[in-house]
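Notes follow once the structure below has been shown.
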Amino acid sequence: MSSGGGEKSGSGGGGAVKTPSDFLKSIRGRPVVVKLNSGVDYRGILACLDGYMNIAMEQTEEYVNGQLKNKYGDAFIRGNNVLYISTSKRTLTDGA
């Protein structure tokens, strides 16, 4: 079914098309920001996730209104609470 080598005519750049699933597989073990529907951010290392977007994180920090509230060694976030997952910048607070 998913034959990764199919090129579509009219696609913008050269190279393989990357699916959301490919993206999620590629960021495992890397720093991420997970934003919940409530507006709370969790920043840490993505340990694993499943098809329901349940997320396990390590070295997790909880941010409410941009302020650090808690630090957790490991955290599990239920997928129905997740608004988005983003790769983390190296200097989130040093930015400009």
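Of all non-hydrogen atoms in Val82 and Leu36, the two that sit nearest each other are CA-CD2, 4.3 Å. For the residue pair Asn70 and Tyr72, the shortest heavy atom distance occurs at ND2-OH, 3.2 Å. The shortest heavy-atom contact between Asp74 and Glu58 is OD1-CG, 3.5 Å. The shortest non-hydrogen separation linking Met53 to Leu49 is SD-CD1, 4.1 Å. When every heavy atom of Arg43 is checked against every heavy atom of Met57, the shortest pair comes out as C-CE, 3.7 Å. Asn54 and Gly79 make their closest contact through OD1-N, 2.7 Å (heavy atoms, listed as atom of the first residue, atom of the second, distance).
Side chain of Asp41 to backbone of Lys35: no donor-acceptor contact under 3.5 angstrom is found.
When the side chains of ILVMFWY residues are joined at heavy-atom separations under 4.5 Å, either directly or via intervening members, Leu68 and Val32 end up in two distinct hydrophobic clusters. One hydrophobic cluster, built from ILVMFWY side chains closer than 4.5 Å, cannot hold both Leu24 and Val33; they sit in different ones. Under the 4.5 Å side-chain heavy-atom criterion for grouping Ile, Leu, Val, Met, Phe, Trp and Tyr, Val34 is connected to Val64 within one hydrophobic cluster. A continuous path of Ile, Leu, Val, Met, Phe, Trp and Tyr side chains, each step under 4.5 Å between heavy atoms, connects Leu46 with Val40, placing both in one hydrophobic cluster.
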Trace of the side-chain contact (heavy atoms from CB on, under 4.5 Å) decision for Ile85 with Ile27: CA-CA 10 Å; Ile85 302 173; Ile27 63 171; 4.1 Å; yes
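When the shell of 6.0 Å around CG of Asn65 is examined, it contains 12 or fewer heavy atoms from other residues, nucleotides or ligands.
Under the 4.5 Å side-chain criterion, counting only non-hydrogen atoms from C-beta, Phe23 is in contact with Thr87.
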